[in-house]
Protein chains: 2
Amino acid sequence: MISESVLVELQNILGREDVLTAREILKTYSYDGTSQWTHEPDAVVFPRTAEQVSAIMKLANAHRIPVTPRGGGTNVSGGSIPVLGGIVLCTTKMDKILNIDRENFTATVECGVVLMNFNTRLAAEGLFFPPDPQSFLAATIGGIVAENAGGPAGVKYGVTKQYLLGLEVVLPTGEIIQLGGRTVKNVVGYDLTMLFCSSEGTLGIITKAEFKVNAIPPAKKTILAIYDDVAVAGENVSLVLKSGVTPAKIELLDNWLIHRIEEASPLGLPGEADAVLIFEVDGMAEAVEKEADKIIEIARMNGAREVRPARDQDEANRFWMARRAGFAMIFGRAPTVLAEDVTVPRGQIPALIRKCRELSRKYDLEIVVMGHAGDGNLHPSVLTDIKDREHFARAEKAVEGIIEAALELGGVLSGEHGIGLEKQRFFRRALGPTVTDLMKNIKSLVDPNNIMNPGKIWD
Amino acid sequence: MISESVLVELQNILGREDVLTAREILKTYSYDGTSQWTHEPDAVVFPRTAEQVSAIMKLANAHRIPVTPRGGGTNVSGGSIPVLGGIVLCTTKMDKILNIDRENFTATVECGVVLMNFNTRLAAEGLFFPPDPQSFLAATIGGIVAENAGGPAGVKYGVTKQYLLGLEVVLPTGEIIQLGGRTVKNVVGYDLTMLFCSSEGTLGIITKAEFKVNAIPPAKKTILAIYDDVAVAGENVSLVLKSGVTPAKIELLDNWLIHRIEEASPLGLPGEADAVLIFEVDGMAEAVEKEADKIIEIARMNGAREVRPARDQDEANRFWMARRAGFAMIFGRAPTVLAEDVTVPRGQIPALIRKCRELSRKYDLEIVVMGHAGDGNLHPSVLTDIKDREHFARAEKAVEGIIEAALELGGVLSGEHGIGLEKQRFFRRALGPTVTDLMKNIKSLVDPNNIMNPGKIWD
């Protein structure tokens, strides 16, 4: 619990209207994009400047009050849930796009800017920020950096860290620091910008970010390919990439999702199809045409049941809507969904999918597979109900099996969702004690009183 | 000095032939790619495995002996000079390319592999590692990672950190750790891989690296453009990039270098020309043609005195040889060269060049400017002689002026050469005390006895 005097101090820093403690508000900030945890904070605060964030952190640090940073609350590993109570520091009022530098292809943005708004403003200048998490309608820049967000475009464009040039961060002890800069080439001491990227809000509050942005490619094209066997789809991914073509996106949907799509907004996909791949190529028009032709040829020659190049942007949008609706369809079908995020070297995708099916049979569960086939980042989702203890226990066993399989196949625990609360129990096993302790020691160095998003990653 | 008993222990770990202490050997390992510092180590050792490196580090840590890692010794900021004596740990016998995974576009290499050998092996598979420091004939992977090497290709392809997926590192205390993995998407705790990248050998010995590699683009084309005014060249760079074309390389040579080229291997460049830009575009043949045409058109319409598309690969090679010979020509003309490495937002290149000319007049010195115009990373080189005290003092003043100008223009101290010994005196001023102390505290955490490449970055 936060004392009355601390609340008064918070009000002095922010004004009364930006310190909220009403019960219904606390409930609103007790959960995120996951479906298995909730915990209410004692207060929710809305700073507007780095100086205010600094004052809040100094106060919290002096009183040992946990602070959990939160933007749009779209985290999918429990990272923005205030599991130890205390303060939720909500960044949504720090929402200014400070600069778009058309000449240098850089942009400076505050932490609370919603990704979609950022991209809308960039688009007016012919620019875009490539990482495209499916939460783009609500996810904010602070979380995108703190989680090193990815998305479908990862196969060609990489993830957030590839675009991050500099940061303004408020440390748990209240100092405001500037890291990195405005240039891609920058080797001035240790790369602390990258230390804060993917730190899941445990090392400080990101208040501002400087990004490299790209010019919007003049042309793009979408191709949908249907397969009777998901293993053939996996091989097609490898064949396309080996041919020298790097599509912007290669997404995979399994048979379960094909059925849901046909129920919701039919694309005429055959019910018995085992998998669908959706490719997008982008770049100069001439290259796009040639690359699209290559993909179509490879798919047709190598076992695809049917290949459909989108006739126009309208049809392409319909294909992509089906993909984007994927998670909503999954979450709509079960009270609790354990949405996995393992990543394997992409050649191992068929093996990982086989393993998911085996686990589905073994534990008698529905496991839906979709994800970013181009970079090996799959999201097998286990449908369950946390209130049905026996069912949920089987679901947790299946998740363990998926994670073990991914690690055995040369992969990692999490590709883009982070550890948060979800994967804590696998963390030390995956990284070993020396590396885990090194990370914990860095955490202690930066946050000696462990007030910054405590209870996450390794606790 | 290293005691006789420690030498015997080193011999027990490595065998007698891999522990060298002869005077002429120590002299060989007393310098690097810079021309102003030398310091002899007490011993040079050549481990072949991570386990041997671990045993060496445990021994050195127990006896508080400085260890300076070194590969090809091509460092250009003094990073591989053993300024406090002790052991030079030379990685050149750890030179195995362990795996090239054509399917996943990844490669696993030991730290002592020479970049050129790595690229030769990759080329046989149709692959390449994009960062292209000019030291590629001798630079080794460990140094390339520890310095986060860049090069001309940075404008399109970024720098080493964009390709680094995982590392094996031996800590100063001897533990062997594995960081990162084999996938681009990987968010499992803090990004320690990036902490070791650009750590300049001060946090541990990198023994193995896992890289993302690219498919060799099917076509490329080179264009040389000649300008009467370097400011017009700078504007041309911006115009090309704003047009949506991202060349693989955009290199700049100034009037001084134009004269040297005409003396050494004439390309018929006019002696009164103020600057030359060399562009390379790569990708699918159709796109390359179109992009090359766009560059030619932009240059011709916007003030270039002459534009020469290379007629064939032979002529392209001649253009690039001239660029590559740049540093050799500069170093051949003066006993000491202070080769700067500042980086500015690329729109500020003309301003930085103007400043260099102003400083050249003010201090009556030759300052040659060349570098990677596409990403704002310039290498103004001040020609001087460390033995002529008065001249050298003026040269140092000029370097200070260049660095101050770069920082004022929104740039950074070093784009790709690192801090090493060269820029220590500017370090704290550039980063401020809080960030400097944070880095030093991380160093103390990882290397409690300060044995790992001591005397660098901030000392």
Side-chain angles (χ1 to χ4, degrees), chain A residues 102-106 147-148 150 154 158-159 162 175 177 179 181-192 194-195 197-199 215 218 238 241-242 244 283-284 286-287 290 343 345-347 375-377 410-416 418-419 427 430-431 434-435 438-439 441-442 445 457, chain B residues 102-106 147-148 150 154 158-159 162 175 177 179 181-192 194-195 197-199 215 218 238 241-242 244 283-284 286-287 290 343 345-347 375-377 410-416 418-419 427 430-431 434-435 438-439 441-442 445 457:
Chain A
R102 186 70 186 78
E103 179 146 50
N104 292 302
F105 286 72
T106 58
E147 302 289 329
N148 188 20
V159 293
Q162 267 93 29
E175 297 92 337
I177 60 173
L179 301 172
R182 298 183 54 211
T183 60
V184 171
K185 286 185 175 172
N186 183 350
V187 285
V188 182
Y190 302 154
D191 196 344
L192 298 186
M194 291 297 126
L195 187 63
C197 180
S198 88
S199 66
S238 288
L241 291 162
K242 273 200 259 187
M284 309 269 288
E286 292 81 353
K290 206 174 156 182
T343 302
R346 60 190 161 218
D375 52 29
N377 178 211
V412 294
L413 272 186
S414 175
E416 51 185 26
I419 303 300
F427 189 80
L431 294 194
T434 309
V435 174
L438 187 49
M439 290 184 190
N441 288 337
I442 290 173
L445 190 67
I457 304 185
Chain B
R102 186 71 185 78
E103 178 146 53
N104 292 302
F105 287 72
T106 59
E147 302 290 329
N148 189 20
V159 293
Q162 268 93 31
E175 296 92 337
I177 59 173
L179 300 173
R182 298 183 54 213
T183 59
V184 171
K185 287 186 176 172
N186 183 350
V187 285
V188 182
Y190 302 154
D191 196 344
L192 297 186
M194 291 297 126
L195 186 64
C197 181
S198 88
S199 66
S238 288
L241 292 163
K242 272 201 257 187
M284 309 270 288
E286 293 80 354
K290 204 174 159 186
T343 301
R346 60 190 161 216
D375 52 29
N377 178 210
V412 294
L413 271 186
S414 175
E416 52 186 26
I419 303 300
F427 188 79
L431 295 194
T434 309
V435 174
L438 187 49
M439 291 184 189
N441 288 337
I442 290 173
L445 189 68
I457 305 185

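Order of the sequence lines fixes the chain letters, A, B, ..., with proteins taken first and strands second; residue numbering starts at 1 for each chain. Any value given below was found using the heavy atoms of this structure, including those in side chains, with hydrogens, waters and symmetry copies removed.
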Can you tell which part of M284(B) gets under 4.5 Å to a heavy atom of chain A, answering side chain, backbone, both or neither? side chain
L445(B) CG to N441(A) CG distance, which is reported to the nearest 0.5 Å: 5.0 Å
Interface moiety of I442(A) toward chain B, non-hydrogen atoms closer than 4.5 Å: both
Is I419(B) in contact with chain A via its backbone, its side chain, both, or neither, using a 4.5 Å heavy-atom distance? both
Would you say the side chain of L431(A) lies within less than 4.5 Å of the side chain of V188(B), judging by non-hydrogen atoms? yes
Closest non-hydrogen atoms of G244(B) and A215(A), given as atom of the first, atom of the second and distance, are CA-CB, 4.3 Å
Would you say the side chain of V435(A) lies within less than 4.5 Å of the side chain of L179(B), judging by non-hydrogen atoms? yes
In terms of heavy-atom proximity below 4.5 Å to chain B, should E175(A) be classed as side chain, backbone, both, or neither? side chain
Selection from G189(B), S238(B), G418(B), A287(B) maximising heavy-atom pairs under 4.5 Å formed with chain A: G189(B)
Using a cut-off of under 4.5 Å for heavy-atom pairs, which of V184(B), D375(B), T106(B), L413(B) has the most such pairs with chain A? D375(B)
Among E147(B), R102(B), Q162(B), which residue has the highest count of heavy-atom pairs closer than 4.5 Å to chain A? R102(B)
Tightest non-hydrogen contact, residues R346(A) and N104(B), listed as N-OD1, 2.8 Å
So for Y190(B), is it side chain, backbone, both, or neither that comes closer than 4.5 Å to the heavy atoms of chain A? both
Go through the atoms of L192(A) and report whether side chain, backbone, both or neither lie under 4.5 Å from a heavy atom of chain B. side chain
Which bit of I457(A) is near chain B, if near means a heavy-atom gap under 4.5 Å: side chain, backbone, both or neither? side chain
Which heavy atom in R182(B) sits nearest to a heavy atom in P345(A), and how many Å separate them? NH1-CG, 3.7 Å
Criterion side chain to side chain contact (heavy atoms under 4.5 Å, CB included) against V187(A), the qualifying member of C197(B), S198(B), S199(B): S198(B)
Closest heavy-atom contact between D191(B) and M194(A)? CB-O, 3.7 Å
For N186(B), run the side chain to side chain contact (heavy atoms under 4.5 Å, CB included) check against N377(A), T343(A), V159(A), V412(A) and tell me which one passes. V412(A)
Can you tell me how far the NZ atom of K242(A) sits from the CD atom of E103(B), to the nearest 0.5 Å? 4.5 Å
